[in-house]
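Comments concern the structure below.
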Amino acid sequence: MTTVVITEKNRAAEQIARILSNGKYKRIRIESIPVYEFSSGNQSWKIMGLAGHIMGYDYPSAYKDWRAVDPGTLLDIEPEKKVLKEEYASVIRKLANEASEIILACDYDREGENIGFEAKDIASKVSDVSFKRAKFSSLSPEEINRAFNSLVEPDVNMAMAAEARQILDLKMGVAFTRFITLSVREYVRTKKILSVGPCQSPTCGFVYERERTIRDFKPTDFWKIEALFNSGETNFPGSHRKGKIFNKDEAMSVYRKIKDCSSGSICERNVKESSVNPPNPLNTNELLKRGSNFLGISPENTLKIAEDLYLAGFISYPRTETNKYSKEFKFAEIIDEFRNGHYNDCVSLLPGDIHPKNGKKDSHDHPPIYPIKSASKKDVMKLSENPDYWNIYDLIVRHFFANLMPPAIFEKTHLAVLVKDEIFDSKGSVMKDAGWMQVYPFEKSSDKLLPRLQMGDGVNIEEISCNMSQTTPPKKLTEAELLTLMEHNGIGTKATASGHIETNKKRGYFENRGKTVSIMDRGFVLMDALNESVPSVIKPEVRARIESLIQDVESGNMDIDSAVLEGTDLIKKMYSCLSEGKDRLASKVVAAISDEAAQEDKKNFIGYCSQCNRILKIIKTDNGRFVGCTGYPQCKNTYPLPRKGALSILRSSECRRGGAAVIKVGKKYHWAVGIGPCFTCEFEKECFPPEIIGDCPECDGSMFVIQTEKSRFLGCTKRCGYTQSLPDKGRLTINEDKCENCGWNILRVKEMKKDALVICINRKCKKRYNKC
DNA sequence: GCAAGGTC
């Protein structure tokens, strides 16, 4: 008698095995996939973890050819479900053959139920074994034991709801993407795909809407009356209570009345203590937002880094919506781990009684993200030299501690100053107790001091001004704000949100500029065109409508076929709007893409073809790269390029032997197009004189910079053998100033995020010049 | 080649 358990992931399989066997399980491998086995009485158990979905939908191969199939007809074709991970399917079949019962134990959500049914379908084809479902909301022993003692029937409605989503998402994505891409290709040659999808398009839509607001913004004039008061000891500013005054006459009449006043008096005074609570525990979304806001790391990278940190045992599982600790959470263990390790300073600040500030979301799958292992920067750098690994780890650790600390207390003072009968307001804020902010340097607060004044006290007026300004457009969306918008509008899930942002970047729809997201021409024009023909595609409504259909399937009010039919109808309606506006859409998009192509050509411009006088450009293929003529296929003129190294075209250097252009190859050497590597050319020294830094201390040669693929150092032009090291990091610039002592040129070394060093590098110089 | 959703 063998009970087979199937979970969504390996980690859950092992944890369940540990709990059900009281730690006495064995890990074996079947076709290289881990399976955990143990027995109790005459019952033997085998627990296997999948890796998410093992099946997926796609169109039958007859519909693979984009040009041969009218994209619209795809909406009437039903996609097929196929096994995508044969290795898992094969193990499922093997286990099904020996199973007396199979328990589906995937995550307790729609996709989890669906993944369970994928396994069920595969197993049912080889065995008539029966299936049960274990529903648990955490991997704690109590919860797992309870779930396995109260097995239920698998929920077909829930699984079918996910099925309907898959089919509808695929239909819409494929039909729209092919239609738009092909329409554009009727006018312009491009390999790039213009994709549309029920999550990626609304995501781009948010960025587009903001950009439109910015572009359509018309600034308005307004006037602000401001004063600088003096209390006898210090100056402090005040603003007229009316704030922005949009009527010039009104502003001027107030200003004229008081502009010559020399004193005022305090007419209101409030002092309030206010507290700022620590942040809620971290869930995925919050981590991604803070990574972007505080550290300037893209959500995609933050998620990748968090996953690596998790796999290396530094932090807990990073994909969760939960921002609330369970009552059982063992704070003491985590705190102990840090007590005698790194972050002892944080531990020592913790209050005696631990009360986390909890959020309200509990998806019952995982606890919030918290640190597991105390580590130093060095420890984390062993995992990756990318400093962001440490930055994310440090954020997670500090967030964990901040969450357990008391609120920060501020004393907020409000003073109102009466000048004639006009009132000016002045606000101050002083931190009384840093609370959680002591361990959380990412949130900054700056004190604004006000003098100690009482009601009725007089103040002098140093200055009163009335200045005109203009209203400013809203700022570009930050990646953190975009994530919030997606979350609030139900676009994507905790695991996919950053992926949708990435898709849009990959497609060239928008890009990062620092922390903000900036739309690119291609994205703006596509969104603009869609907004004209099928506005719902770039708004969250499509997703919402499909979601409500799916919800009906899940709750049993609608069967999957009707839901797919109704959803398909919805997509068809949108598709016909799209296809009616085809010419307008294509012409709009084509203009932007041709512009991009022209820009791209400019970047790759090498020179003119010696045979036909057309433009030469760098051409990259799967097999390598070369310089070719844009007149191809009529003109077949080509020139070879070095196989390796980043290429940058030196616009300032002309080849003396008549090469079409000079290209810098990585850090290594130069290459004249049509001639070959410059180091084989007799003019090399004249074209690229060595970067001399000073006299050689050993002979009458000069020291110059030698750059190889792996290092850089100074060598002697006379090849006397004397060398000297150079700083191995940072950008080097040779200054014109010379060291007063040895006469070598002063060197500037600038590393990323560090102050530049300005130094004399000569090791033999007795008076090493060093200034910043 | 096209979507979104799991997870490694």
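Residue numbers begin at 1 in each chain, while the letters A, B, ... track the order of the sequences.
Looking at heavy-atom distances under 4.0 Å, A/Pro198 makes contact with sugar-phosphate atoms alone, never a base. Counting any heavy atom pair closer than 4.0 Å across all strands shown, A/Arg507 reaches sugar-phosphate atoms only and no base atom. Heavy atoms of A/Asp58 sit under 4.0 angstrom from at least one base atom. At a threshold of 4.0 angstrom between heavy atoms, the contacts of A/Gly492 are confined to the sugar-phosphate backbone, with no base atom among them. Using a 4.0 Å heavy-atom cutoff across all strands shown, A/Gly197 reaches sugar-phosphate atoms only and no base atom. Using a 4.0 Å heavy-atom cutoff across all strands shown, A/Gln166 reaches at least one base atom of the nucleic acid. Nucleic acid contact class of A/Tyr57 (heavy atoms, under 4.0 Å, all strands): base.
Under the rule for a ring pair (Phe, Tyr, Trp, His ring centres under 6.0 Å), the partners of A/Phe38 that lie at least two apart in sequence or sit in another chain are A/Trp45. Shown here are the ring pair (Phe, Tyr, Trp, His ring centres under 6.0 Å) partners of A/Phe117, two or more places apart in sequence or in another chain: there are none.
Residues A/Ile491 and A/Leu74 each lie close to DNA chain B; by heavy-atom proximity, the contact nearer the 5' end of the strand is made by A/Leu74. Comparing A/Arg185 and A/His53, the nucleotide of DNA chain B nearest to each residue sits closer to the 5' end for A/Arg185.
The ring of A/Tyr208 has its center closer than 6.0 angstrom to the ring center of A/Phe524. With ring centers used as reference points, A/Tyr389 lies 6.0 Å or more from A/Phe314.
The environment of A/Phe131 atom CZ is dense: over 12 non-hydrogen atoms of other residues, nucleotides or ligands sit within 6.0 angstrom.
Contact annotation: the side chain of A/His53 never approaches that of A/Leu84 to less than 4.5 Å [non-hydrogen atoms, C-beta and beyond].
Here chain A contacts DNA chain B (any atom closer than 4.0 Å to a heavy atom, that is under 4.0 Å), and the contacts span B/dG1 to B/dC8 from 5' to 3'.
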